[in-house]
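Take a look at the structure set out below.
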Amino acid sequence: MNTEKIIVTAALPYANGAIHLGHLAGAYLPADIYVRFQRLRGKDIIFICGSDEHGVPITITADKEKVSPQVIIDRYHEINKISFEKFGMSFDIYGRTSSKVHHETAKEFFLNFYNQGLFSEKKTMQFYDNKANMFLPDRYVEGTCPNCNTDGARSDECENCGALYNPSELKNPISKISGEKPELKETSHWFIPLNKFQDRLQEYINDRNLRFNWKENVLQYCKGWFHDGLQERAITRDLDWGVKVPLENADHKVLYVWFEAVLGYISATKELFSHRGQDSSWREYWQGENTRYIAFIGKDNIVFHAIIFPAMLMAWNDGNKDKYILPENVPANEFLNFEGRKFSKSRNWGIDVLEFLNHFEADSLRYTLALNLPELRDSDFSWNDFQARHNNELADILGNFVNRTMTFVHKHFEGKVPQLGKLSERDVEMIDILNGYPVKIATLIEKYKLKDATLEVMNLARLSNKYFNDSEPWKTLKSDKEQCGTSLNISLQAIYTLAGLFLPVIPFTSQKIFRMVNSRPVEWENMGKSNLVEGHQLGEPVILFKKVENEMIEEIRLKTANAESDVKKEPESELITIDDFSKVQLRIAEILSAERVKKSDKLIKLIVDTGSGKRQVIAGIGKSYSPEELPGKKVVIVANLKPAKLMGEESQGMVLAVENEQGILNVVEVDSSISNGTKVK
RNA sequence: GGCGAGGUAGCUCAGUAGGUUAGAGCAACGGAAUCAUAAUCCGUGUGUCGUGGGUUCGAAUCCCUCCCUCGCUACCA
């Protein structure tokens with residue numbers, strides 16, 4: 001009979017930046033806690049992750065730095081791999097999608113689907129940027145809508161009027177990459193008909209939800225997709241960076257990254273077993289009937305893991321004898337904020353994992369994040385909370401309990417586990433509590449209630465302190481040494497249980513405790529039993545957590561605050577020539593009248609005098625100004641901006657304004673003596 | 001504006017198949033103890049459950065209005 005196997009995957013981080021605390025709380029820490037727990041239960045489990053290394057953003061970063069994409073992915077693959085190691089992620093393998101085995105796996109899937117006749121091939125005219133030497137994705141081309149004449153329309157659809165058209169119909173196309181006029185070239189792409197899988201996907205999700213109780217946020221998300229109806233989706237694109245399309249006449253075409261990245265879980269598993277010298281063993285997991293597959297992700301990834309990946313596996317299973325298993329559950333978390341605001345790479349808001357771990361222990365972070373996981377909604381990380389959790393709970397409650405017990409035993413019992421004597425009611429009660437705890441915690445973890453699980457284990461430390469207090473061993477030491485020994489024996493068993501149950505959350509600390517009691521973890525179910533035998537020699541006590549002082553918090557708080565202003569000082573923008581600048585005509589104009597644009601919360605319709613006449617300008621300043629205070633102001637406008645329609649109103653120019661940290665806009669004004677139409681140089 | 005999520009104790013968050021006095025951790029206040037990292041333990045909450053209405057014997061929980069926040073998105077910054 002097949003023993004049950006478990007695959008756990010954590011979302012593949014994109015190798016275009018360093019992971020931050022939000023990523024950890026969203027997917028990685030929950031996955032690691034779950035995996036470590038299942039390992040302690042003796043389960044046959046593999047834990048898979050790796051870098052997602054293809055796609056346009058990586059090539060853009062590479063271009064900016066004038067290096068090859070390989071340099072970028074090598075850099076972030078290394079950074080993230082090391083970050084995860086230091087954070088204590090216990091992946092069995094951390095692969096990468098640039099690996100040979102991944103390219104082969106992805107091509108295999110593509111060819112298999114291709115040969116099944118699953119794809120439809122569509123020829124389209126696509127814009128090509130001769131300067132950048134690449135086909136342009138739709139969102140990188142802007143032009144004027146052939147239907148409503150609005151600027152800013154994409155190459156295939158206008159978001160203003162909703163019209164769909166062929167790229168050849170778009171007027172005045174401009175490449176957003178080079179700013180040049182792109183040329184139309186014919187190209188063809190393959191599409192996967194997700195719509196054909198919708199019914200089965202709905203059934204699948206419904207079934208797994210009934211059996212495994214999916215999270216509400218995941219179900220809601222899927223419902224939205226199903227409601228809109230799944231569409232055919234292109235799985236190839238014109239690019240040189242990625243997995244080459246394995247067909248004749250498909251030069252310069254790669255698999256779309258969303259199609260191949262999820263297959264990285266499978267290819268990384270192949271690599272894992274190949275290292276172990278068991279080349280075909282990966283099938284026992286991915287194609288084993290008795291395998292449970294759980295995919296940990298953040299909410300941004302729900303569609304790929306709950307809909308697209310299952311659809312791909314279904315498609316494979318339809319046409320082949322070997323059948324892949326589908327995810328049993330996709331426990332996606334929401335997002336973690338940082339001091340009340342969203343993590344933002346571009347604004348440099350937040351903190352990288354490596355930076356954090358240069359200042360503090362991984363377990364302090366793991367514990368804090370675990371108690372604050374965004375399991376049901378976005379949650380917040382704050383320095384004050386971090387400090388409080390570390391000091392009041394890890395150091396004071398857990399650390400001090402271990403320390404007071406250990407030092408007591410060393411002082412009065414030669415560092416050996418005292419005998420368990422006659423049991424009082426209180427002793428029996430404490431032993432029962434310890435016995436019951438592993439199941440209690442296991443139940444929570446199985447339901448992915450990791451926050452509650454963590455809180456409950458800390459509650460055991462509280463109960464242990466209470467037991468120690470109520471037993472008053474410092475008194476019984478003189479009055480009844482046997483009873484004193486009994487109290488200490490039970491307290492030591494509590495330490496052992498805490499070390500075991502806390503292992504998934506704070507593994508480094510658990511190891512320290514096990515070393516201190518000179519022992520090793522047993523299987524989860526037995527963790528609450530009397531595992532330290534009488535007379536067993538204990539190791540030396542060490543302080544588990546030193547207090548985090550205010551200065552340490554202030555220091556790092558300042559550092560992260562500075563990081564934000566650094567970016568403002570050095571905005572990433574290309575240098576322009578004086579000629580480029582002279583293309584922009586800035587002129588002084590006087591606001592004659594102002595009124596709100598109907599149904600818009602921030603647009604205000606202005607009539608301005610530009611010296612040579614009146615014109616209408618729509619400005620997005622409605623949240624910062626009321627129409628009454630605007631007339632009379634002399635402002636700076638871009639006079640030669642191509643007209644655009646906004647909310648049905650034509651705008652013939654643009655008012656310059658600055659935005660402060662609260663998002664309040666301030667229009668640039670000049671002295672009232674300046675006459676209308678004056679050119680700004 | 002559209003779509004989605006959310007507004008519960010000072011802070012971070014639980015709690016909805018509607019039902020006795022709305023919870024946890026932290027903080028705060030009072031007390032006990034002194035083995036221990038000035039640590040621990042006990043006790044203490046008059047919270048408009050965002051607002052206003054509705055359904056109901058009964059609503060944080062269901063329905064509607066409105067306000068606010070966040071994310072995605074369209075909005076000329």
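Hydrogens, waters and symmetry mates play no part in the numbers below; they use all other heavy atoms, side chains included. This one's a predicted model, so the numbers in the text were calculated from it and none came from an experiment. Per chain, numbering begins at 1; letters A, B, ... match sequence-line order.
When heavy atoms are screened at a 4.0 angstrom cut-off, A:Q220 is found touching the sugar-phosphate backbone but no base atom. Within the nucleic acid shown, A:S379 comes within 4.0 Å of sugar-phosphate atoms alone, with no base atom in reach, counting heavy atoms only. If you check every strand for non-hydrogen atoms under 4.0 Å, A:K451 touches sugar and phosphate atoms only. The residue A:F335 sits apart from the nucleic acid: no heavy atom pair falls under 4.0 Å. Note on A:F468: a base of the nucleic acid sits closer than 4.0 angstrom, heavy atoms only. Base engagement by A:L544 is indicated by at least one non-hydrogen atom pair under 4.0 Å involving a base atom. Contact annotation for A:I543: base contact, defined as any heavy-atom pair under 4.0 Å involving a base atom. Using a 4.0 Å heavy-atom distance criterion, A:E334 is classed as making no nucleic acid contact. Within 4.0 Å (heavy atoms only), A:K411 reaches sugar-phosphate atoms of the nucleic acid but no base atom. Heavy atoms of A:D385 sit nowhere under 4.0 angstrom from any nucleic acid atom.
Under the Watson-Crick or G-U wobble criterion, with both distances below 3.5 Å, B:C29 is paired with B:G43. Base pairing of B:C3: its partner is B:G71, meeting the Watson-Crick or G-U wobble criterion (both donor-acceptor distances under 3.5 Å). Here B:G23 sits opposite B:C13 as a Watson-Crick or G-U wobble pair (both hydrogen-bonding atom distances under 3.5 Å). Pair assignment for B:C66 gives B:G50, based on Watson-Crick or G-U wobble hydrogen-bonding distances that are each under 3.5 Å.
Evaluation of A:F408 against the base of B:C35 yields no stacking contact (centre distance < 5.5 Å, interplanar angle < 30° required).
Phosphate contact (OP1/OP2 of B:C70, side-chain N/O of A:N337, threshold under 4.0 Å): absent. Contact check, A:R377 against B:G7: a side-chain N or O comes under 4.0 Å of OP1 or OP2. Taking 4.0 angstrom as the limit, A:R462 places none of its side-chain polar atoms (N or O) nearer than this to OP1 or OP2 of B:A39. Note on A:K547: a side-chain N or O is less than 4.0 Å away from OP1 or OP2 of B:A39.
Between the C1' atoms of B:G10 and B:U16, the separation comes to 26 Å (whole Å). B:C62 and B:C75 have their P atoms separated by 35 Å, with the value rounded to a whole Å. Nucleotides B:C26 and B:U44 place their P atoms 15 Å apart, quoted to the nearest Å. To the nearest whole angstrom, the two P atoms, one in B:A32 and one in B:U37, are 23 Å apart.
Between A:K299 and A:E334 there is a salt bridge, since at least one side-chain N of the basic residue sits less than 4.0 Å from a carboxylate O of the acidic one.
Taking the six-membered ring where the residue is Trp, A:F296 and A:Y34 present tilted rings, their angle falling between 30° and 60°. Ring geometry, A:W383 versus A:F381: the interplanar angle exceeds 60°, so the pair is classed perpendicular (tilted spans 30 to 60°).
For B:U40, the base has a donor-acceptor partner in the side chain of A:N469 [N/O atoms by modelled type, under 3.5 angstrom].
Distances from the side chain of A:N400 to the nucleotides B:G25, B:C41, B:U40 place B:U40 closest. With B:U12, B:G25, B:C70 as the choices, the nucleotide that has an atom nearest any side-chain atom of A:D378 turns out to be B:C70. For A:T407, whose side chain is taken as the heavy atoms from C-beta onward, the closest listed nucleotide among B:C41, B:C35, B:C13 is B:C35. Among B:U40, B:G25, B:U37, the nucleotide with an atom closest to any side-chain atom of A:N465 is B:U40. Here the nucleotide nearest the side chain of A:L376, chosen from B:U40, B:A14, B:A27, is B:A14.
The backbone N or O of A:E375 sits less than 3.5 Å from a side-chain atom of A:K215, completing a donor-acceptor pair. Looking at A:N403, its side chain never comes within 3.5 Å of a backbone N or O of A:I543 through a donor-acceptor pair.
Between A:Y221 and A:F226, a ring centre-to-centre spacing not shorter than 6.0 Å is recorded. Residues A:F386 and A:F360 place their aromatic rings such that the two centres sit under 6.0 Å apart.
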